[in-house]
Amino acid sequence: MKVLCGSSSKSLATDLANKLGTVCIQATTKRFPDSEVYVRIEEESLDKEIVIVQNTYPDSNLVELFLIQDAARGLGAEKITTVVPYFGYGRQDRRFQAGEALSAQVMLKHLAVDTDRLFTIDLHKPDILRWFTKPGAKDITATTAIGNFFAHNDVDLVLAPDKGASQRAAEVAHVLGCANDHLTKTRLSGSEVVIQPSRLDARGKTVLIVDDIISTGGTIFAATNELKRLGAKKVFAVCTHGLFIGGALDKLRTVCDRVISTNTLENEVSEISVAEEVAKVI
Ligand code: R5P
């Protein structure tokens, strides 16, 4: 069962192929002058089963994924496992106001057209997978990989920036064998949040903040400032999906002792590979 990737997730796809003891084929992609994408898999044929690794973010990668799936079908793939490392539109999981699109559901409905099994990683809300209209969808957690990565960093306390991420923090803390808690977050705008302290004292401690996504960095920036104000010795920040919009990484580096992400999105700090976790499930 070969691994096939497009332009979004080459590093993870290569790593995954190594773990599975198979090869990684990269589809040829290029842009036409009007920016439409061209896709070709330069193989004579494909096995009946194939694993495709491709993000659905940004929008251009979603279209690329649909075309890769179609090209794979054209070369004989009958059972397609699609791994979506970062699932775009996952946060619009309900109609917050009348008239809005239910984006997460739309994406899952359309992904099912040419996907037989779907694997995602650390969805903001994993229960959206109920909208995938076939059996065989699973969200894989990166918490073990994250915990293992920080195993030799003398972390005293793992914190989630809000209650919603507390299970994630608990799982990472379990791997590290240390305490965990969550902060309380109030969002003021798209990029500004106010953070209130946890029950556990951070004074003199090395604290690891764990979140699913770092987007503008507003959450981690405010949480780190609060923890430093409370006397934390060091603050590390880790996320599964490092979007780092608009200079977020540089901003976070001014306050955090270390900022790291997994390789679901490739960036300059995507040092934690989730390939092992995905390989186990496949
Ligand atoms: C929201 O609940 C998510 O878990 C993240 O905390 C959020 O997406 C981070 O966004 P930002 O980096 O813009 O604060």
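Counting starts at 1 for both ligands and their atoms, following the listed order. Here the structure is a predicted model, which is why all the values come from computation and not from measurement.
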NZ (K251) with more than 12 external heavy atoms under 6.0 Å: yes

For R73, salt bridge (charged side-chain N to carboxylate O under 4.0 Å, His left out) partners two or more places apart: D114, D116

Pair E276 + K19: basic N to acidic O under 4.0 Å: yes

Salt-bridge criterion met for K125 and D139 (N-O under 4.0 Å): no

Ion pair check, R229 and E226, cut-off under 4.0 Å: yes

Amino acids contacting ligand 1, non-hydrogen cut-off under 4.0 Å: R91, H124, D162, K185, R187, D211, D212, I213, I214, S215, T216, G217, G218, T219

Among T224, V210, T206, V259, side chain to side chain contact (heavy atoms under 4.5 Å, CB included) partner for F236: T206

